[in-house]
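Okay, structure first, notes after.
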Amino acid sequence: MKNKLLEVYAQKLPPEKRLMLLRQLQDLKGTGLPKAGSHLEEVFVLQMRLFGIPTPIREHEFHPERRWRFDFAWVHLKVAVEIEGGVSSRGRHTQLDGFVKDAEKYAIATEMGWKVFRYPAALINNEFAIKQIARVLGVKP
């Protein structure tokens with residue numbers, strides 16, 4: 001695997017899940033499926049496949065006037081996931097301007113009835129995020 005995050009994630013899996021991950025990666029090659037916007041989103045997509053999570057809408061524009069999008073959305077349930085990436089002092093989500101814009105976006109989404117789940121890298125890598133989304137969507141892992 002070329003992607004370092006995927007390699008690290010695969011090494012943490014039990015052997016049977018690691019084999020399933022490798023099969024999933026093979027299945028995705030040459031399918032023409034859209035690639036994730038980031039390495040963490042790629043990990044999350046693979047986790048969804050491994051856990052049997054229904055396919056969400058990618059980059060869903062949820063606001064009628066603003067161009068705000070969710071990374072992943074189950075529109076019929078108004079459940080959204082935002083992958084926040086690594087937490088650092090230089091990241092877009094932790095800079096004052098980016099933080100304030102994100103706060104506005106999430107406040108408006110909540111007002112519109114959305115449940116927005118925000119996950120940094122650590123919660124993707126330790127499977128907290130995928131297990132929580134499975135519970136929220138009623139999927140048994």
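All values reported here derive from a predicted model rather than from experimental measurement.
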**Message:** Before you tell me yes or no, could you show the steps for I133 and V139 under side-chain contact (heavy atoms from CB on, under 4.5 Å), namely the whole-Å CA-CA distance, both residues' side-chain angles and the distance that decides it to 0.1 Å?
**Reply:** CA-CA 8 Å; I133 292 303; V139 174; over 6 Å; no
**Heavy-atom check, side chain of Q132 versus side chain of F117, under 4.5 Å** = yes
**Request:** Examine W114 together with H60 and report whether their ring centres are nearer than 6.0 Å.
**Result:** yes
**Prompt:** Rounded to the nearest 0.5 Å, what separation is found between the NE2 atom of H39 and the CD1 atom of I83?
**Reply:** 14.0 Å
**Item:** Validation row: I130, M48 side chains within 4.5 angstrom (heavy atoms)
**Value:** yes
**Request:** Answer yes or no: is there a donor N or O on one side and an acceptor on the other, between the side chain of Q47 and the main chain of I124, under 3.5 Å?
**Result:** yes
**Asked** Do any N or O atoms from the side chain of W74 and from the backbone of P54 form a donor-acceptor pair under 3.5 angstrom?
**Response** yes
**Side-chain (K105) to main-chain (F70) donor-acceptor, under 3.5 angstrom** = no
**Request:** Mark yes or no for whether K78, through its side chain, and M112, through its backbone, hold a donor-acceptor pair below 3.5 Å.
**Result:** yes
**Message:** Does atom CD1 (I57) have a neighbourhood of more than 12 heavy atoms from anything else shown, all under 6.0 Å?
**Reply:** no
**Request:** Answer yes or no: is there a side-chain heavy-atom contact under 4.5 Å between E41 and R58?
**Result:** yes
**Asked** Nearest heavy-atom pair of E61 and R67: which atoms, and what distance?
**Response** OE1-CA, 4.2 Å
**Message:** With side-chain contact (heavy atoms from CB on, under 4.5 Å) as the criterion, how do E84 and Y119 come out once you've worked through the C-alpha distance, each side chain's angles and the decisive distance to 0.1 Å?
**Reply:** CA-CA 6 Å; E84 302 291 355; Y119 298 118; 6.0 Å; no
**Message:** I'd like to know if the side chain of E82 reaches the main chain of D71, judged simply by a donor and an acceptor atom lying under 3.5 Å from each other, with no hydrogens or angles considered.
**Reply:** yes
**Asked** Once the angle between the rings of F72 and F44 is folded into 0 to 90°, is it parallel (under 30°), tilted (30 to 60°) or perpendicular (over 60°)?
**Response** tilted
**Minimum heavy-atom distance between N126 and L123, given as atom pair plus value** = OD1-O, 3.3 Å
**Point-to-point distance, once rounded to the nearest 0.5 Å, from CH2 of W68 to CD of E65** = 9.5 Å
